[in-house]
Every structure is written in structure tokens, then in C-alpha cells.
Amino acid sequence: MLNLRTRSLSPSATPKSSWRSLAGMAAALGVALGGLLSLPVQSQESPPTLTLSQIHAARANWVSNAANRQTLADGVYLYGQTAEPEQLGAAYLVFEVQNRRVVGAFYMPSSSFDCFYGEVEADRLALTVVDSYEQSHHPYSVALATDSSVASVGGSPSTPAELEGFHHIQTISDNDQRILSTCQADYREQV
């Protein structure tokens, strides 16, 4: 047979248990409220205003820093994904800079090349790449690496700026010059 027992609580046990539970919840609530009450209150004051002279000083500082950034002087450059020229499977850029204007090509040895044109900006080469097969134009940029430790001679960097992901290569081959000349003939008027 099934023995079911009804369990009843005495009237005196219920209030004691309830009071303990309520006291515990009140203590927890007090700790939580105490933490909330100790949070800093945000001020309704307006943010500080800058004076015109502070704005001009900040702008002058920014312009000065931009002028001190490394850039590419006029000349012909070769950069590669590897520091060694003519490595199969590596991409290269050969280009000429004149008055911050750029004309050149991306190529891989023993492959076709794509010409580009654009400008040298403070922090990047802003380029338009021309697909050699479709003749479609695509925007592209290559970041100039920031390296404040480069020595300068006469106010200009003694070594050219580095391009993010590429190594500067000193020797420009006849093939590099041939590729560059082709792009210059086709796109010099674009810049």
C-alpha cells in the first residue's frame, strides 16, 4: 500500500523561516543598492570648450607632424614582397614619382603586369590600377610605413619611405624599366 503522509508545518515554524528568507533578501538588496548608490553621478555640465588659439595650435601641430612624415621624393622605385628581385611567385611594384604624382606597374616575374597611376599622399599611395586584360580601372592604396627612426639629411629622408608589405629594392633591371616605360607612355597624362 501506498503510504501518503501529509506534512504540516506548525504555525510557529513558518514565520521564522519566512523572516530568515526575508532578512537574507533584504541584506542582499542592501548590498546591491549600496553599490549602486556609490556609483559616480554624471554631471550635467557642458563639455569644456576650446578657444580659437587652442584649435589653431592643435591644427599647426597636426600639420607639422604630417610634414615630418616620411614620403617618397621624385625618382624611380622598385618594391617587392620579398627583398630579392625577380623571385617567381612574388609581386613587385615599379613606379616613378614626379611632384607627388605616380605612374607604374604591379607585376610578377614571367607574367603580365597591370599599370597604375595616382598620387603620393601623407600616409599612402592612392592609386588607380588598370587591369591589363579588361582595361577596367580599380582604386587601390598602399600604406606608407611609419618609421620615425629614419635619419634625414637636409630635412628630407635619407632612405625612401617603406610601403606596407613591401621591401625597397635598390637595383632596377632593364625589364623593370621596360615595364615602367610602357605604363608611363600609356598613363602619364592621367596624373
Query raised in the report: Just wondering, do Val130 and Asp114 contact through their side chains at under 4.5 Å, heavy atoms?
Result: no

Query raised in the report: Within the side chain of Gln81, is there an N or O that forms a donor-acceptor pair under 3.5 Å with the backbone of Ala91?
Result: yes

Query raised in the report: Just by modelled atom types, is the Arg178 backbone N or O under 3.5 Å from a matching donor or acceptor in the Thr182 side chain?
Result: yes

Requested in this report: To the nearest 0.5 Å, tell me how far Arg101 CZ sits from Glu96 CD.
Outcome: 12.5 Å

Query - Inter-residue atom distance Ser141.OG - Leu125.CG, 0.5 Å rounding - result: 8.5 Å

Query - Arg100 vs Asp74 side-chain heavy atoms within contact, under 4.5 Å - result: no

Query - Common cluster, Met108/Tyr77, ILVMFWY with side-chain heavy-atom separation under 4.5 Å - result: no

Query raised in the report: Is there side-chain contact between Leu72 and Leu144, with heavy atoms separated by less than 4.5 Å?
Result: yes

Report summary line: The reported gap from CD in Glu84 to CD1 in Ile169 (rounded to nearest 0.5 angstrom) is 7.5 Å

Query - Residue pair Leu127 / Pro139, side-chain heavy-atom distance below 4.5 Å - result: no

Query raised in the report: For Ala90 and Thr82, which heavy atoms make the closest approach, and how far apart are they?
Result: CB-CG2, 3.7 Å

Query raised in the report: Once the angle between the rings of His137 and Tyr117 is folded into 0 to 90°, is it parallel (under 30°), tilted (30 to 60°) or perpendicular (over 60°)?
Result: perpendicular

Query raised in the report: Name the one of Tyr79, Tyr92, Phe95 that satisfies ring pair (Phe, Tyr, Trp, His ring centres under 6.0 Å) with His168?
Result: Tyr79

Query - Min side-chain heavy-atom separation Tyr140-Thr128 under 4.5 Å - result: no

**Report entry** Spacing of Leu93 atom CG and Phe106 atom CZ [to the nearest 0.5 Å]
**Finding:** 4.0 Å

Requested in this report: For residues Asp176 and Glu86, determine if any side-chain heavy atom of one lies less than 4.5 Å from a side-chain heavy atom of the other.
Outcome: yes

Query raised in the report: Could you state the interatomic distance from CG (Leu180) to OG (Ser173), rounded to the nearest 0.5 Å?
Result: 10.5 Å

**Report entry** Within one Ile-Leu-Val-Met-Phe-Trp-Tyr cluster: Ile172 and Phe166, side-chain cutoff 4.5 Å
**Finding:** no

Report summary line: Hits for salt bridge (Lys or Arg N to Asp or Glu O under 4.0 Å) against Arg124, two or more places apart or cross-chain, chain-then-number order -> Glu121

Requested in this report: Could you pull out the closest heavy-atom pair between Leu88 and Ser110, with the gap in Å?
Outcome: CD2-OG, 3.9 Å

Report task. State yes or no: are the ring centers of Phe116 and Tyr187 separated by less than 6.0 Å? Result -> no

**Report entry** Between SG on residue Cys115 and CD on residue Gln135, distance to nearest 0.5 Å
**Finding:** 8.5 Å

